[in-house]
K.L.:
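My questions all concern the structure below.
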Amino acid sequence: MRVAGRLHGRGALFDTDPAGLAPRLVGLRPHQHRTAKSEHPQELPLVVLTGARGLGKSAVLRELRDAYKGHTPVALIDCEHGEFAAPAEGRPAEAWSPVSQALLVIAEQLAEPVTGAGRLQFPRLMSGLVAVAAGGWRDADSERIRREVERILLLNESGSWIAGFAGRWAGRVAAKVAAAATGGGPLLSSAVEATLESISDSVVHRRRQRASTWYRDYPNAGRNARRGLMLLSDHFRAGGTSREHAERYLVRALLADLGEAYAGVLPRMQRIGRPLVLLDNAQSAPGPRLVDAVLRDRSEGLPDQVVFIAGLRGEGRPALRNAVRRALPEVARHSGWTPDPAAPSSRALLVSLPPLSPDDTLHIIGSVCAEVPVPPQLPHAAHRLTGGNPLGIALLAESAAQRLPAAASLGELLTAHVRLHEDHDGEPTYLALLDRLVPTDRLDELTVLAAAHDHDSACALADALLPDDFGPADVRALQTRLVEEGLPEVPGQFVGDPFVRTLLLLRLHHGDTDHGQWRTAHEALIAYYTDAADDTDAAAGRVRYRLHHELALGVSDSAVAHLRDTFHTVDTRAWLSSLRFIASAPYFHAHDAEGHDFAGPDDRRATIALGRTDAGHEPPQGVDAALHLRIRRLLHAVWQLTDPLALPDAKVCDRLRFELEQLSNLRPAGNALLWRASRDWPEDALAGRPLRVLDDDEDGEG
């Protein structure tokens, strides 16, 4: 995530000494006109940056563009941008595709002059794109044709004769097409002839002459360039696999134009870095077909020297199943990439972006909040909440800069309005995050299902809160989509990513003023996990889920009773795990004794954990009152300290340590585990880590 001129946690891509992955591929140091040793001089991997939303793929690609713009040809497109979704008004669909549009935009950006070298020219691509566009010309509207043609023909400009040639060439093409239309002649043939003539007219430009004959090699062209372009246009209009074939040839034309621009001694001296093509959101059209075309040509012995780096949501697609996979730190000094000759997708190198570290979080918040005092626990708590998600950290830091010192918790920072632009009124931070972290077309369903733990409990929630037409198949489809989006699969949670789940539950709680949907959701799950007729071990395992959701509604008596009554009978490790899970119940807003929103500054959990309510709380008849009160204090202490939206309270940490120490004296068989937890849990809470329960080989419990 870029903050104050830095991209934190991504040095393996951008380092200059020793060189990171990007300079080793491009052959240039970022932001410099100085060479770097190439790692793959003969054949390049197509790099695909993978990960869930918010991990900074787009930020990395923007940084790459900024680092190399003006030093070597570079292009960046966002495959989810509207210009790739549908043709412009008046352009027939049969003469347009996301790939053809992307190639035009990419070439326009690559053509920009760089230090020491002029504009790149794309005569082959220009010819192909004109043939594709001409396939959709059905009338004599010379002005509409001129507008389409002029943009494409500029791909063949050297920079010295733009002003005159563009107008003359467009006029010639438009005139020939208009004459053909009025005379009943073939529009496509007229456009192709004018295109080829314009390329080959000048004998001083040998490269353009070679380009004019390039389409002779199009399949079944019979060494006739005009016929090759006509076939290209026909295949494109046919759609389906025929269009895919034509699109592959257009991609090949782009790469051939780039290859020729770098051929010879003088061009190599002038252009010291490889051209760089960046594809953001490559899971969306035109991304998959562009990636496939490059990989297939490279696997078929048509190498190029263009650096492709794509950002892909998720951890890969079936089409990339044989790609080489690396974590970002593994490619810091060497990629270790070697393709499999038998697998085209092995030409791809999938690099997963890791979350940011606690130190990165500290530096980002410190930089953004340089003008306001930051509570010392805030960076650790922010890292615990976000799991190192760069987008989450950046927006929390911005909210803190706008709200501190008034905001006293991460929950307040998330519900506060954050202004990301001067001309923007702002919106609650958690909504701004959800807009970019989850599929917006399924936000309402995910908001409800975030409280579920698996498919069956999600179906129970769907029955209670979602429309009748959202059934089990839709639940499974949504689970599959979350995995494809890159969210982890975690047993016991329908939404596996804790940060995303917290944001969704926050939206569920704030969905209505009386929190009615929140109550209905948890009541539905309480009913689902309550099965009095079933006394099997499986039913016993459901108890902690029921208690978890009761606690989410502010009802703690059942949880205290269960933990009290099982303290001496259940395995200590299992007991600690149950305590930790039950106390992980979400807690949004403080509530008073009647369950209404509590607007005071104190957290009632901390008040109970510190024993300030013991005098007014009467333990049930016939139970060990001291144990009961101790368990009650302990439950509320863990609930407060593990709340991802609250800053850890040092006093509550001290009380947690004391309560666990005292419990260790009451359970000799579990003494080691309880005593170890009394040391680890307060330390974990203050450091923003999950509470640990030791494994068998880490303790001496008998």
Side-chain angles (χ1 to χ4, degrees), residues 1-3 6-14 20-22 25 45-65 76-80 278-284 287-288 291 308-321 323-332 335 337 345 348-358 360-361 364 382-396 433-440 446 479-490 493 495-504:
M1 181 56 59
R2 172 179 278 280
V3 176
R6 289 190 57 203
L7 201 67
H8 288 272
R10 303 300 184 237
L13 280 170
F14 294 99
L21 179 62
L25 296 179
L46 190 153
V47 177
V48 181
L49 305 175
T50 66
R53 298 175 188 247
L55 281 180
K57 300 181 294 297
S58 297
V60 164
L61 295 176
R62 289 193 299 268
E63 174 70 10
L64 283 168
R65 177 197 58 196
L76 167 63
I77 66 168
D78 182 352
C79 296
E80 288 190 338
L278 307 167
L279 309 175
D280 199 6
N281 290 305
Q283 71 282 346
S284 300
V291 169
F308 283 89
I309 302 180
L312 180 71
R313 192 178 303 147
E315 297 304 319
R317 293 292 189 271
L320 297 172
R321 64 172 56 90
V324 177
R325 295 175 181 269
R326 298 283 185 270
L328 180 60
E330 295 177 305
V331 301
S335 71
W337 173 80
S345 63
L349 172 63
L350 268 59
V351 179
S352 59
L353 296 184
L356 300 184
S357 70
D360 292 326
T361 306
I364 291 172
H383 189 267
R384 178 183 68 175
L385 168 65
T386 63
N389 181 287
L391 178 64
I393 294 168
L395 263 64
L396 271 174
L433 284 165
L434 286 173
D435 279 344
R436 298 165 68 179
L437 290 177
V438 301
T440 53
L446 281 171
Q479 282 181 295
T480 301
R481 184 168 178 184
L482 292 178
V483 174
E484 291 175 347
E485 293 267 341
L487 271 68
E489 292 183 273
V490 176
Q493 298 293 352
V495 177
D497 185 276
F499 180 43
V500 173
R501 184 170 65 252
T502 297
L503 297 173
L504 289 167

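Quick note: residue numbers are just sequence positions, from 1. Atoms considered below: every heavy atom in the structure, side chains included; atoms not considered: hydrogens, waters and symmetry mates.
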K.L.:
What is the distance from atom OG of Ser352 to atom CZ of Arg325, rounded to the nearest 0.5 Å?
P.N.:
9.0 Å

K.L.:
I want to check something: taking the side chain as every heavy atom from C-beta on, are Pro439 and Glu485 in contact at a cut-off of under 4.5 Å?
P.N.:
yes

K.L.:
Mark yes or no for whether His383, through its side chain, and Leu356, through its backbone, hold a donor-acceptor pair below 3.5 Å.
P.N.:
yes

K.L.:
How long is the gap from CG on Leu61 to CG on Asp280, to the nearest 0.5 Å?
P.N.:
5.0 Å

K.L.:
Looking only at non-hydrogen atoms, find the nearest pair between Ala282 and Pro288 and report the distance.
P.N.:
O-CD, 3.2 Å

K.L.:
Mind checking the CG-CZ spacing from Leu328 to Arg10? Nearest 0.5 Å is all I need.
P.N.:
6.5 Å

K.L.:
Among Ile393, Asn389, Leu396, whose side chain to side chain contact (heavy atoms under 4.5 Å, CB included) with Thr361 holds?
P.N.:
Ile393

K.L.:
Tell me whether Gln493 contacts the main-chain N or O of Val490 through its side chain, where contact means a donor paired with an acceptor under 3.5 Å.
P.N.:
no

K.L.:
Does any N or O in the side chain of Arg326 come within less than 3.5 Å of the main-chain N or O of Ser335, such that one atom is a donor and the other an acceptor?
P.N.:
yes

K.L.:
Would Leu7 and Phe14 count as a side chain to side chain contact (heavy atoms under 4.5 Å, CB included) here? Give the steps.
P.N.:
CA-CA 9 Å; Leu7 201 67; Phe14 294 99; 3.2 Å; yes

K.L.:
Distance-only, no hydrogens or angles: does the Lys57 side chain make a donor-acceptor pair with backbone N or O of Gly51 under 3.5 Å?
P.N.:
yes

K.L.:
Would you mind reporting whether Leu437 and Phe499 have side-chain heavy atoms less than 4.5 Å apart?
P.N.:
yes

K.L.:
Return the minimal non-hydrogen interatomic distance between Leu64 and Ala22, and the atom names on each side.
P.N.:
CD2-CB, 3.6 Å

K.L.:
Quiz question: by atom type and distance under 3.5 Å, do the side chains of Ser284 and Asn281 form a donor-acceptor pair?
P.N.:
no

K.L.:
Rounded to the nearest 0.5 Å, what separates atom CG in Leu446 from atom CG in Leu503?
P.N.:
12.0 Å

K.L.:
When Leu279 is tested against each of Leu312, Ile77, Ile309, Asp78 for side chain to side chain contact (heavy atoms under 4.5 Å, CB included), which residue passes?
P.N.:
Ile77

K.L.:
How long is the gap from CD on Glu489 to CG on Asp497, to the nearest 0.5 Å?
P.N.:
13.0 Å

K.L.:
So, do Leu350 and Val324 sit near enough that their side-chain heavy atoms are less than 4.5 Å apart?
P.N.:
no

K.L.:
Looking at Glu80 and Arg313, does any basic side-chain N land under 4.0 Å from a carboxylate oxygen?
P.N.:
yes

K.L.:
Given side chains that start at C-beta, do those of Leu504 and Thr502 come closer than 4.5 Å, heavy atoms only?
P.N.:
no

K.L.:
Measuring only between side-chain heavy atoms, which start at C-beta, is Val60 closer than 4.5 Å to Leu13?
P.N.:
yes

K.L.:
So, does Arg53 use its side chain to make a donor-acceptor pair with the main chain of Gly486 at under 3.5 Å?
P.N.:
no

K.L.:
Check Ala348 against Trp337 and note the closest heavy-atom contact, atom names and distance.
P.N.:
O-NE1, 3.8 Å

K.L.:
Atom CG in Leu320, atom CG in Leu349: separation rounded to 0.5 Å?
P.N.:
11.0 Å

K.L.:
Quick check: does any side chain N or O of Arg501 sit under 3.5 Å from a backbone N or O of Val495, one acting as donor and the other as acceptor?
P.N.:
yes

K.L.:
Between Thr440 and Val438, is there a side-chain heavy-atom distance shorter than 4.5 Å?
P.N.:
no

